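Let me begin by presenting the structure, written as structure tokens, before commenting on it.
On a predicted model such as this, the values are computed, not experimentally measured, just so you know.
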Amino acid sequence: MCSKDLCKINRAKEYLQQAYTAQERIIQCNYMLEQLKGDYGKLTASYGENTGHSNVKHDISDYIAGILEKKQQIISQIIKFKEKQYEISEFIFNLQMKPKDEILRRLLILKYVQLKPFKEIYQILHYSYNYVVKTLHEKALAIVEKNLELKEV
């Protein structure tokens with residue numbers, strides 16, 4: 001269980017981190033593709049027959065089909081990633097903020113659209129690391145949560 005405020009902050013983070021999740025899926029698909037490419041040395045021309053001592057077929061057509069399937073999954077994940085990135089950037093651009101809080105919008109774009117780590121963000125914003133992470137980020141997440149609530153109404 002979490003406190004009401006902590007749950008709200010977690011919900012805001014969860015919403016904003018959808019682009020990270022989509023990017024992670026791309027990385028996973030690329031890893032699986034590399035694993036599949038590593039199996040190239042195990043291929044034999046089997047012409048529809050089983051090879052070796054197992055019942056597993058290692059023919060070229062299965063290999064090529066597997067690579068094409070993985071490449072299609074990667075393309076699909078890239079499209080989802082770009083869509084999430086666009087959705088989140090639109091949400092951030094449309095946040096209701098006071099003019100003095102525009103630094104928070106910039107922080108959100110850097111963190112959740114451009115996917116930069118805090119180690120880079122604090123240098124870009126010219127504030128201390130702790131101030132960016134503990135103060136600005138928490139204020140930004142509170143604004144995101146408030147706007148998520150308005151979006152649901």
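Under a 3.5 Å cut-off, the side chain of N147 and the backbone N or O of I143 do form a donor-acceptor pair. Looking at S89, its side chain does come within 3.5 Å of a backbone N or O of Q85 through a donor-acceptor pair. A donor-acceptor contact shorter than 3.5 Å is absent between the side chain of T135 and the backbone of V132.
Results of the side chain to side chain contact (heavy atoms under 4.5 Å, CB included) test with L108 over V144, I88, L136 single out V144 as the only residue that passes.
Among residues two or more places apart in sequence or in another chain, the side chain to side chain contact (heavy atoms under 4.5 Å, CB included) test is passed with Y31 by Q35.
Note: the hydrophobic cluster containing I27 does not contain I78 (ILVMFWY, side chain heavy atoms under 4.5 Å, direct or indirect links). Criterion: ILVMFWY side-chain heavy atoms under 4.5 Å apart, direct or through other members. Under it, I92 and Y86 are not part of a common hydrophobic cluster. Tracing side-chain contacts under 4.5 Å through hydrophobic residues (I, L, V, M, F, W, Y), one never reaches V113 starting from I79; they form parts of separate clusters. If you chain together hydrophobic residues whose side chains sit under 4.5 Å apart, I26 and L33 fall into the same group. No single ILVMFWY cluster, assembled from side-chain heavy atoms under 4.5 Å apart, contains both I75 and L68.
Under the 4.0 Å criterion applied to side-chain N and carboxylate O atoms, E149 and K146 are not assigned as salt-bridge partners. Residues E102 and R105 are paired through a salt bridge, judged by an N-O separation under 4.0 Å between the basic side chain and the carboxylate.
We find the CZ-CD distance between F91 and E87 to be 9.5 Å, quoted to the nearest 0.5 Å. Between the CD atom of E69 and the CE atom of M32 there is a distance of 9.5 Å, given to the nearest 0.5 Å. Remark: I74 CD1 to Q77 CD distance equals 9.5 Å, nearest 0.5 Å. Separation of atoms CE (M97) and NZ (K139) is listed at 11.5 Å; rounding is to 0.5 Å. Rounded to the nearest 0.5 Å, atoms CZ (R11) and CG (L148) are 5.0 Å apart. To the nearest 0.5 Å, atoms CZ (R25) and NZ (K84) are separated by 9.5 Å.
In this structure, the side chains of H137 and K13 come closer than 4.5 Å at one or more pairs of heavy atoms. For the pair L16/L141, a side-chain contact is recorded, criterion being any heavy-atom separation below 4.5 Å from C-beta on. Residues Y122 and L110 fail the side-chain proximity criterion, which asks for heavy atoms closer than 4.5 Å. Side-chain atoms of I109 and F93, non-hydrogen and from C-beta on, do get closer than 4.5 Å to each other. Between K116 and I124, some side-chain heavy-atom pair lies under the 4.5 Å cut-off. Between K111 and Y20, the closest side-chain pair of non-hydrogen atoms falls below 4.5 Å.
Nearest approach of E138 to K134, heavy atoms of both residues: CD-O, 3.0 Å.
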Between K80 and E83, is the salt bridge (Lys or Arg N to Asp or Glu O under 4.0 Å) condition met? List the steps.
CA-CA 5 Å; K80 287 178 184 176; E83 288 171 348; over 6 Å; no
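Side-chain rings of Y15 and Y112 stay apart, their centers remaining 6.0 Å or farther from each other.
The environment of E14 atom CD is sparse: at most 12 non-hydrogen atoms of other residues, nucleotides or ligands sit within 6.0 angstrom. For E90, the CD atom sits in a packed shell: over 12 heavy atoms of surrounding residues, nucleotides or ligands are nearer than 6.0 Å. More than 12 heavy atoms of other residues, nucleotides or ligands sit less than 6.0 Å from atom OH of Y129.
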